Amino acid sequence: MKYIDEYRNPEHIERLCASIRKMAQKPYVFMEVCGGHTMNIQKFGIPSLLPSEIKLISGPGCPVCVTDTSYIDHMTALSQLDNTIICTYGDLMRVPGTYTTLEKEKAAGADIRVVLSSLDALKTATENPKKNVIFAAIGFETTAPGTAVAVLEAEKIHLSNFSILSAHKIMPPAMKAIVEDDVKINGYICPGHVSTISGSEMYEEICRDFGLGCVISGFEPLDILQSIYMLLLQLKHVDPKVEIQYKRAVKPWGNRKAKRIMNQVFVAEDGNWRGLGSIKKSVLKLRPQFYKYDAEQQFSVSFNTKEPDKGCICGEILKGKKSPSDCNLFAHKCNPENPVGACMVSNEGTCQAYFKYHQYGR
Amino acid sequence: MDDRIILGHGSGGKLMHQLITDLFFKYFNNEALKKSTDSAILEIPGMHLAFTTDSYIVDPLFFPGGNIGKLAICGTINDLAVSGAHPQFISVGFIIEEGYPLTKLEEIVQTMAFEAKKAGVQIVTGDTKVVNKGKADKVFINTSGIGIIKDEHKHIATGNKIAPGDLLFVNGTLGDHAMAVLTAREDLPLRTDIQSDCTCLHHLIENILDAGIHVKFMRDLTRGGLATVLDEIASGKNFGIEINEKDIPIKESVKALCEVLGFDALHLANEGKVLIVVDKTDETAIQEILHNDVLGKSYRMIGKITDNYKGEVVMNSIIGGKRLVKMLAGEQLPRIC
């Protein structure tokens, strides 16, 4: 079992698609809320295999895309401080702030380094004791525990030159905000990695309050198609529930240790999501006892954030109300090398996925 | 802020194309340059010459399967060979950082001499500059090369004979070089047994041309990878390209690394792989040559030129879906999760 080819087996795919075609008797809209799902749906051309009754729309599942403009402005302002190294995940480099990006500031001389994990940032801090190392801590439940571990480790080894600027977010409040905003969907394809940490219980409230089926899906084509099939089965029996398709990775209770560490270090506060506005108790901030590792508390910088380009409809796209092709800027003024909105920046962004891979045959 | 060079300008993708068109072509405008071929095709009385230049920067300088010196010789020979030329002479320019160990430099130079001799080309002129410590990253090398093109092969560099029905071949697995270099970097905690595919391709290419195969176009699949080359071929044309994911040769280890890093193997750089577009009547003949050559034995026919999808490249995915294949936009960045 190599966990790649087996989940891309064309015969199994065709059998599952035939069952889906049989089940899809009327139009259904399903929303995936994970950038990894969005990317693979487009990369494998899944929409070209589905019957026209089934529409997949992409929700706010890309952590880079929902990172607010003011966060980028804050981060680029921090990058101008003397004696400072900024460590960031790669795909944050090109996200446009009001005036500039981390990539452009790097070209202009700021010390900005791409890391693969929070612990790489921590290592950079131990290796550069005379510099302040600030980690751009973004991501959902998937990366937040890693940041929490880095903070606890920094405390353990009495590291005084390491801090983070947290824009970590949690998924369920945004999923709730979307249906409360009257986005019409018939079910959620729930994020696989996020649920590996958080488990399935957190979706129960959405399922109960809005009567929406929630299926936690893996990332391979067979996973995604099976999740669609499971949602159709729920709709057929008028029995919305929370189900785990991605059983090889997700347990109902999630990863208890990761949740405990996350809770020890962070507290959920109201905060801005790009395109969605402020969402209650959705952004993870460091608890006061960890303020010495909070770049927001440690460094005073000023920056001016302006509203993004009027033509950009990232917000509507993140809510699933519009598709990239509805945007006047799409592929013309806004493209991966010169993104206007964040959905075009990240590998996992809906607009970049459409731009790179958009499907044929629909 | 927008008026600065960023790394993406050197990635071989769209940003670099913009820089070349908007800046270099604007000032260096002439007929030979504007053809944008891998080598400039120059007509002098009695013969056609191919002339090319390339600068080599790689980190680390030594990687599994080669070093910067091997890259510098093979890369320039390959640029000439894919233009249908027989490589003859090479120049070498070194920019060396103060303090670089002489023994290491000797190792690089030995490799270059060995590769040039094996390839049957002569290094006939050169240049050396040393810069202050910190002003360059160890060693940069520029090589230029000259080759001779037979009359019947002068169309190859331009690709102007490509037509629907033509078949697309690659001579082996994609992405080996990019992943060998990436995993040899100290800052990436991944170790693999992937070797760079860096090699000179001109003997293989000459075997194909000498056999009278009707080659319409060739391109070595360096920066930007297969996707970028295919996008360049189809862009603005009255034909499209259809490729099949199941036929694209990629090593399991490279595939796995792509999954981990969120990379697309079609965008990865190669240093010993060539895309060959041939007339469909030569399907069997070219397969026989590739099969019997050590540099072609893992060859695959990956797709064809088609009347459909005009100006675009469409891939039939492994699961039977269809999707677009496009040029790399900036640098590939590892993704967050």
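Predicted, not measured: the structure shown is a model, and the values here were computed from it.
The number of heavy-atom neighbours closer than 6.0 Å to NZ of B:Lys304, taken from other residues, nucleotides and ligands shown, is 12 or below. Within a 6.0 Å sphere centred on CD of A:Glu11, heavy atoms belonging to other residues, nucleotides or ligands number 12 at most. The local environment of NZ in B:Lys310 is crowded, with over 12 non-hydrogen atoms from other residues, nucleotides or ligands closer than 6.0 Å. By the neighbour-count criterion of 12 heavy atoms within 6.0 Å, atom CD1 of B:Ile57 is sparsely surrounded, having that number or fewer from other residues, nucleotides or ligands.
Partners of B:Asn132 according to the side chain to side chain contact (heavy atoms under 4.5 Å, CB included) rule, which considers only residues two or more places apart in sequence or in another chain, are B:Glu98, B:Lys135.
Using a 4.5 Å cut-off between heavy atoms, A:Lys43 touches chain B through backbone and side chain atoms alike.
Under a 3.5 Å cut-off, the side chain of A:Ser48 and the backbone N or O of B:Lys322 do form a donor-acceptor pair.
Put simply, the side chain of B:Leu7 reaches to within 4.5 Å of the side chain of A:Lys106, judged on heavy atoms. Between A:Glu220 and B:Glu259 the shortest side-chain heavy-atom distance falls below 4.5 Å. At a threshold of 4.5 Å between non-hydrogen side-chain atoms, the residues B:Ile319 and A:Ile46 count as touching.
Once rounded to the nearest 0.5 Å, the distance linking NZ of B:Lys326 with CG of A:Asn335 reads 9.5 Å. The CD1 atom of A:Ile13 lies 8.0 Å from the OG atom of B:Ser317; values are rounded to the nearest 0.5 Å. In this structure, A:Leu116 CG and B:Leu261 CG are separated by 7.0 Å, a value rounded to the nearest 0.5 Å.
Of all the heavy atoms in A:Ala107 and B:Ile6, the pair that sits closest is CB-CG2, 3.8 Å.
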